[in-house]
Student: 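Dumping the structure here so I can ask a few things about it.
In the text below, chain A, chain B and the rest are named by the order of the sequence lines, each starting its count at 1.
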Amino acid sequence: MGHAGIKTVILLSFVLAVGFLMIILSCALWSNWLPLLVALIFVLAPLPNAVFAHCGGDDFTTDYEGSGPVDLGRFLTATVVVTGFALPLVLAHSEVIRPGACAMSIIGGGLVYGTIIAYSAAFKQEESDYE
Amino acid sequence: MSLPRSNYDPRRVCLAPFPSWSLGKHKRTMGIYLAGGLFALANWTFLDAAILSAHAHAPYDDPQIPPPVHVSFVDWVPGISSLLGLLIINLIDKDRVRGDEGFGDARAVWRARLILFIGFALMAGGLAGSVTVLVLKYVLKEYAEQYQYYGYANVSQNVALMLSAVVLWISQSVSGEYEYNLSI
């Protein structure tokens with residue numbers, strides 16, 4: 001997708017806004033602002049991958065054998081993503097938040113994280129050109 | 001680094017070189033993501049029980065009886081042990097454990113295997129301890145299903161932590177073909 005244009009950007013930003021809307025609604029409708037943590041977690045989820053991605057050495061070593069820091073970044077990213085999905089479920093299970101708020105914050109968090117993944121996948125080509 | 005040696009090593013029994021590097025790399029990434037997910041799932045399973053216990057209340061129709069049991073520090077011990085074991089196992093250099101001569105001296109291999117053994121012992125101890133807590137604290141006293149869930153969550157936390165360690169180990173040694181054949 002080298003020519004992912006302005007339409008992709010608009011679509012992704014729209015989906016991102018819908019995701020944040022879902023999360024904020026899930027907090028505001030029941031006036032319990034704990035699900036806002038889900039937004040924070042999903043925004044922070046790609047951060048370990050991004051931080052550790054360039055620790056993997058040069059292009060010659062990362063081709064066929066992954067390195068420790070890259071693995072650590074992937075491990076932490078997966079951990080944070082599962083945390084983002086598990087936190088509303090746990091809160092709803094112990095009746096801190098309502099099940100409706102749980103479902104809405106999970107959907108919203110999924111939309112936010114999906115937007116981040118789709119954005120980095122759609123614009124990966126142009127990023128690697130600049131490096 | 002050890003690939004050409006292992007091809008004619010007469011001690012190796014199951015040996016079939018893994019054909020494609022790109023598939024191996026993909027498997028490695030997926031495995032590490034899976035291990036991270038399992039790790040978070042394990043800890044959240046137990047944290048769910050802990051939070052549920054902290055917010056436990058009497059049944060709505062009979063508000064006089066307080067909950068008979070809570071998650072206390074005893075329940076946290078097996079998880080902490082498994083966590084330490086996971087850390088220790090993954091801090092070991094895997095090429096050193098494999099014990100190829102010429103890589104390091106023999107004492108380093110011996111020490112690496114000892115530390116690896118301690119790590120696995122910690123994980124197994126965590127699993128056994130969680131089963132012990134489940135039986136002694138919850139099952140034998142015949143609490144309601146709602147409270148026995150704490151013990152089962154503890155066991156599943158430790159099982160998932162052990163699975164996470166196994167998946168991480170296998171996926172990190174995909175590039176060495178020996179462990180890959182063990183995993184299949």
Side-chain angles (χ1 to χ4, degrees), chain A residues 32 34-35 37-38 41-42 44-49 51-53 55-57 59-99 102 105-106 109-110 113 117 120-121 124, chain B residues 1-3 18 20-57 60 71 86-87 90-95 146 149-150 153 157 160-161 164-165 167-169 171-176:
Chain A
N32 184 352
L34 271 175
L37 282 175
V38 176
I41 289 170
F42 274 116
L44 288 182
L47 192 63
N49 252 352
V51 168
F52 288 110
C55 298
D59 295 335
F60 300 104
T61 55
T62 52
D63 273 344
Y64 57 93
E65 190 175 12
S67 64
V70 177
D71 290 347
L72 179 64
R74 284 174 179 150
F75 188 85
L76 287 180
T77 296
T79 307
V80 173
V81 168
V82 174
T83 299
F85 282 113
L87 182 66
L89 287 174
V90 168
L91 287 179
H93 190 197
S94 56
E95 298 177 358
V96 178
I97 61 175
R98 297 296 189 86
C102 166
S105 61
I106 283 181
Y113 187 64
I117 291 295
S120 60
K124 182 184 274 186
Chain B
M1 52 193 78
S2 66
L3 294 184
F18 192 54
S20 140
W21 287 114
S22 61
L23 187 63
K25 189 187 169 194
H26 195 62
K27 257 193 213 308
R28 178 188 173 106
T29 308
M30 283 294 113
I32 286 168
Y33 279 130
L34 182 65
L38 272 174
F39 178 76
L41 196 67
N43 289 313
W44 278 106
T45 307
F46 178 67
L47 283 179
D48 179 40
I51 297 172
L52 194 64
S53 159
H55 287 267
H57 52 73
Y60 288 119
V71 170
L86 185 101
L87 276 179
N90 285 294
L91 284 176
I92 295 291
D93 191 358
K94 295 177 179 53
D95 292 325
Q146 177 189 357
Y149 168 72
Y150 302 159
Q157 177 207 16
L161 274 180
S164 170
V167 169
L168 197 57
W169 180 277
S171 60
Q172 278 193 324
S173 46
V174 155
S175 46

Student: Please round to the nearest 0.5 Å and tell me the distance separating atom CG of B:Leu161 and atom CZ of B:Phe46.
Tutor: 11.0 Å
Student: Drop me the distance from A:Ile117's CD1 to A:Ser120's OG, to the nearest 0.5 angstrom.
Tutor: 5.0 Å
Student: Out of A:Val96, A:Val90, A:Val82, A:Leu91, return the one with the most heavy atom pairs under 4.5 angstrom to chain B.
Tutor: A:Val90
Student: Check side-chain contact (heavy atoms from CB on, under 4.5 Å) between B:Leu91 and all other residues, then give those that pass, not counting sequence neighbours.
Tutor: none
Student: B:Ser164 versus A:Phe75: any side-chain heavy-atom pair under 4.5 Å?
Tutor: yes
Student: For B:Phe39, is it the side chain, the backbone, both, or neither that has a heavy atom closer than 4.5 Å to a heavy atom of chain A?
Tutor: side chain
Student: Which region of B:Leu38, side chain (C-beta onward) or backbone (N, CA, C, O), has a non-hydrogen atom less than 4.5 Å from a non-hydrogen atom of chain A, or is it both or neither?
Tutor: neither
Student: Please classify the contact of B:Ser53 with chain A as side chain, backbone, both or neither, using a heavy-atom distance under 4.5 Å.
Tutor: neither
Student: List the residues meeting side chain to side chain donor-acceptor pair (under 3.5 Å) with A:Tyr113, not counting sequence neighbours, and say none if there are none.
Tutor: none
Student: Counting only heavy atoms closer than 4.5 Å, note whether A:Val80 contacts chain B via side chain, backbone, both or neither.
Tutor: neither
